[in-house]
Protein chains: 2
Amino acid sequence: MSTINDVSKLAGVSKSTVSNVFNNTKYVSEEITDRVLKAAQELNYYPNKLATGLANKKTYMIGLFLENLGEFRSMHHQIIEGVAMKLNEFNYNVILYIDRDNEKIPKGAKLRIEPIDGAIILDPEIEDIRIKDFVSSGTPIVLVGKAPKSYENLSSLDVDNIEIAYSATKMLIKNGHEKIAFINSKPNLTITSDRLKGYIKALSENQIDFEPSYIYNCDNTIIKAKKLAGSILEKGEFSAIITESDVVALGVYEEAKSKGINIPGDISVFALGGMDYFLTPEVSRVVVDYKKLGEAAAKQITMIIDNNQQSSNLILNEYKIIKTGSVGQVSIR
Amino acid sequence: MSTINDVSKLAGVSKSTVSNVFNNTKYVSEEITDRVLKAAQELNYYPNKLATGLANKKTYMIGLFLENLGEFRSMHHQIIEGVAMKLNEFNYNVILYIDRDNEKIPKGAKLRIEPIDGAIILDPEIEDIRIKDFVSSGTPIVLVGKAPKSYENLSSLDVDNIEIAYSATKMLIKNGHEKIAFINSKPNLTITSDRLKGYIKALSENQIDFEPSYIYNCDNTIIKAKKLAGSILEKGEFSAIITESDVVALGVYEEAKSKGINIPGDISVFALGGMDYFLTPEVSRVVVDYKKLGEAAAKQITMIIDNNQQSSNLILNEYKIIKTGSVGQVSIR
DNA sequence: CTGTTAGCGCCTTCAC
DNA sequence: GTGAAGGCGCTAACAG
């Protein structure tokens with residue numbers, strides 16, 4: 001590997017001139033610029049990023065922090081993809097930090113020494129040691145997913161879960177459904193309460209009483225979904241079910257099939273959140289473009305770092321509702 | 001951020017002593033060690049990774065290179081996860097480089113200047129510019145997925161696709177199937193020919209003639225799968241179908257359903273490669289632990305870097321065959 | 001406009 | 001056993 005020194009010698013100029021040529025930091029005559037460039041090419045020279053980083057106190061690396069959720073969900077992959085590709089576009093590198101469950105950041109409070117200019121943190125937690133550490137060390141942060149109240153002053157990015165649940169519920173109501181069961185995500189997550197808000201909003205806008213017993217909670221596994229679906233379907237009380245994800249919807253499907261219940265004839269199903277393309281049966285659902293979310297996060301962190309933008313809280317509204325045969329119309333009330 | 005200088009002053013020792021304490025590189029008396037450690041703690045000092053890297057010519061970062069396949073497959077996610085978590089364990093960081101399709105490494109031949117000690121490259125290509133560049137710059141590489149012949153001397157890691165296809169086919173044969181259609185992956189991929197080898201091997205071991213017209217090719221999209229399945233099912237010639245993935249298997253399922261063909265009554269279905277948990281209907285399939293593959297790759301690259309291990313070609317045999325209701329027994333021949 | 005000089009923070013001989 | 005000095009490769013004043 002050749003260094004700036006080699007180039008300066010070959011070109012017969014000083015190191016700083018070479019540096020200036022490469023960084024456009026000062027005017028250098030065209031002739032000398034040419035000589036430098038030629039020498040650099042001949043020596044196959046490229047600036048050493050570590051040295052540059054050390055001198056500039058800037059690494060051009062962003063940490064992307066996420067938790068290994070056991071089953072790493074599709075949403076995360078899309079975000080990772082969006083973040084990495086966008087950041088690469090901006091000439092930043094992405095360092096991936098995946099925590100183990102319940103083992104939050106093995107390196108303890110040493111995060112601040114990671115060679116990064118900023119951090120993107122997925123699914124921040126109420127008492128997030130990573131955030132604490134970055135805040136105290138002044139590292140710029142972007143939070144993806146609902147930001148805990150205690151960190152409202154930080155930049156964050158999320159999809160509009162209230163709006164999504166609202167739209168979904170409204171769509172069902174438009175189709176004549178009133179008794180709508182809601183298998184929501186795990187309790188005490190912000191996303192869960194947001195979804196509930198959207199659900200309630202749609203009901204009340206349509207003068208339908210909210211019935212708390214219609215609300216269930218479930219995590220994203222097909223086994224639990226089936227079990228829960230069993231008891232819900234047995235009640236025979238509902239004309240539609242909203243589920244927290246397509247995986248849960250599949251559980252409902254399976255359970256319905258084994259009970260001889262027809263979808264959408266007997267009950268309609270709508271999923272909040274889908275993994276898109278490979279589903280069968282195709283359930284009505286809302287699909288969020290998480291890759292775009294990742295891209296937006298990437299853009300946000302670079303804006304903070306490079307244009308020292310103030311912190312901002314973005315709510316992305318990029319989703320679409322896909323209505324398939326899983327939702328039917330209720331004509332007789 | 002405090003530096004080694006601050007610590008040395010506070011502790012009343014020289015910089016090199018502090019360095020020695022932190023790196024166990026020379027004996028330092030217990031008393032002084034204590035003083036240094038205490039000073040470091042008080043100042044919240046940690047070595048600057050960039051400076052360390054510059055001085056050591058080692059960055060403790062590994063590049064993980066992959067291509068954005070449009071639909072980023074689950075296999076990739078598992079590998080990423082395995083690589084990142086394992087490498088973190090070894091105190092390495094992972095930098096994620098995701099190429100756009102057909103835009104192989106935008107940075108051209110500048111890869112060598114990435115601040116990495118080694119590279120893990122997923123799905124290497126015959127003429128892989130990334131590999132070329134790393135080889136010429138002496139950067140250690142581990143290839144994940146079938147390594148092109150031209151790079152056989154490099155370390156690589158793959159699952160045993162011959163064996164997998166062989167086992168799958170054998171299982172079907174054991175269940176009485178002889179006319180087995182094979183929807184293989186895209187032609188001219190090594191995995192495709194390996195799978196074919198395994199398929200043929202199982203046939204010939206059981207004295208079943210290989211019939212080339214039983215072989216089809218399909219990429220991993222449900223639409224194409226359905227179309228292809230349509231023509232295969234119409235032939236009515238087969239008692240079983242092996243598909244290249246569970247997505248393709250789903251296409252077969254859907255097509256069968258719309259044609260009133262019963263699985264496994266009329267035809268059995270087996271998928272080579274599965275996304276596991278969220279499938280419905282549950283298709284018989286082979287599941288490969290790609291996370292382990294990623295972990296193994298991580299281990300391999302660190303062995304090369306830290307213990308300058310010779311290059312090695314590992315074939316991982318961690319898969320399991322899951323037989324569900326999608327495969328039936330053929331009794332009458 | 002160009003070159004000299006002094007760091008960035010750390011590691012590592014090499015004397016003491 | 002410990003410390004002083006030089007260097008990793010680059011950038012940023014500051015002179016010239």
Side-chain angles (χ1 to χ4, degrees), chain A residues 1-40 43-61 91 93 110 112-117 137-138 306, chain B residues 1-37 39-40 43-61 91 93 110 112-117 137-138:
Chain A
M1 282 275 56
S2 50
T3 76
I4 199 171
N5 254 314
D6 306 329
V7 176
S8 69
K9 274 181 203 152
L10 213 185
V13 296
S14 77
K15 291 198 305 180
S16 56
T17 300
V18 177
S19 173
N20 286 328
V21 167
F22 270 80
N23 302 307
N24 285 321
T25 161
K26 265 186 184 171
Y27 178 88
V28 179
S29 75
E30 202 166 316
E31 188 214 324
I32 298 212
T33 301
D34 275 3
R35 232 160 63 204
V36 168
L37 256 25
K38 207 168 293 172
L43 293 170
N44 204 354
Y45 165 79
Y46 291 101
N48 176 312
K49 292 200 174 179
L50 250 39
T52 310
L54 184 58
N56 283 337
K57 290 177 167 299
K58 172 153 189 182
T59 64
Y60 278 99
M61 307 212 229
N91 282 311
N93 282 335
K110 291 196 297 173
R112 67 186 62 190
I113 63 152
E114 292 302 319
I116 55 178
D117 295 336
S137 65
D306 293 331
Chain B
M1 284 275 58
S2 51
T3 77
I4 197 172
N5 252 315
D6 305 330
V7 177
S8 69
K9 274 181 203 155
L10 214 184
V13 298
S14 77
K15 295 198 301 181
S16 56
T17 300
V18 177
S19 173
N20 285 329
V21 167
F22 270 81
N23 302 307
N24 285 322
T25 160
K26 264 186 184 170
Y27 177 87
V28 179
S29 74
E30 202 164 317
E31 187 214 325
I32 298 213
T33 300
D34 275 3
R35 232 160 62 203
V36 168
L37 256 25
L43 294 169
N44 204 353
Y45 165 80
Y46 291 101
N48 176 312
K49 291 201 173 178
L50 250 38
T52 310
L54 184 58
N56 284 337
K57 291 179 169 297
K58 171 152 189 184
T59 65
Y60 278 98
M61 307 212 227
N91 280 313
N93 282 335
K110 291 196 296 175
R112 69 185 61 190
I113 63 154
E114 292 301 319
I116 56 177
D117 295 336
S137 65

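We name chains A, B, ... by the order of the sequence lines, and we start the count at 1 in each one.
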* Identified side-chain contact (heavy atoms from CB on, under 4.5 Å) partner of B/Val13 from the options B/Val21, B/Val18, B/Val28 -> B/Val18
* Within the side chain of A/Asn20, is there an N or O that forms a donor-acceptor pair under 3.5 Å with the backbone of A/Thr25? -> no
* **Sugar-phosphate only, base, or nothing, as touched by B/Ser19 at under 4.0 Å among non-hydrogen atoms** => base
* Between A/Asn5 and D/dC8, is there a side-chain N or O to OP1/OP2 distance below 4.0 Å? -> no
* To do: Check whether any side-chain N or O of A/Ser29 sits under 4.0 Å from OP1 or OP2 of C/dC1, and answer yes or no.
  => no
* Residue-phosphate contact under 4.0 Å: B/Thr17 side-chain N/O, D/dG3 OP1/OP2 -> yes
* Asked: Would B/Ser16 and B/Ser19 count as having a side-chain donor-acceptor pair, cut-off 3.5 Å?
  -> no
* Taking all non-hydrogen atoms of both residues into account, name the closest pair between B/Ala40 and B/Phe22 and its distance. => CB-CZ, 3.7 Å
* Nearest-nucleotide wise, let me know which of B/Pro47 and B/Lys26 is further upstream toward the 5' end of DNA chain C. => B/Pro47
* Classify the nucleic acid contact of A/Phe22 as base, sugar-phosphate or nothing, counting any heavy atom under 4.0 Å across all strands shown. => nothing
* Using a 4.0 Å heavy-atom cut-off across all strands, classify A/Asn23 as base, sugar-phosphate, or nothing. => sugar-phosphate
* **Rounded distance (Å) that lies between atom P of D/dA13 and atom CG of A/Asn56** => 11 Å
* Asked: Are any of B/Ser14's side-chain N or O atoms less than 4.0 Å away from OP1 or OP2 of D/dT2?
  -> no
* Asked: Is any side-chain N or O of A/Tyr45 closer than 4.0 Å to OP1 or OP2 of D/dC10?
  -> yes
* **Atom pair distance, as rounded to whole Å: NZ in A/Lys58 and C1' in D/dC10** => 16 Å
* Determine the contact category for A/Ser16: base if any of its heavy atoms lies under 4.0 Å from a base atom, sugar-phosphate if only primed atoms, P, OP1 or OP2 are that close, otherwise nothing. => base
* To do: Using a 4.0 Å heavy-atom cut-off across all strands, classify B/Val18 as base, sugar-phosphate, or nothing.
  => nothing
* **For atom CG of A/Asp34 and atom P of C/dC1, their distance in whole Å** => 16 Å
* Asked: Hey, does B/Lys57 reach any base, or is it just sugar-phosphate, or nothing, if we go heavy atoms under 4.0 Å?
  -> sugar-phosphate
* Distance (rounded to the nearest 0.5 Å) between B/Lys49 NZ and B/Asn56 CG -> 12.5 Å
* Residue whose nearest DNA chain D nucleotide is more 5′ - A/Ala55 or B/Ala51 -> B/Ala51
* Can you check the B/Asn20 CG to D/dG3 P distance for me, whole Å? -> 10 Å
* With a non-hydrogen cut-off below 4.0 angstrom, is B/Ile32 in contact with a base, only sugar-phosphate, or nothing? -> sugar-phosphate
* B/Thr52 side chain near C/dC10 phosphate (N/O to OP1/OP2, under 4.0 Å) -> no
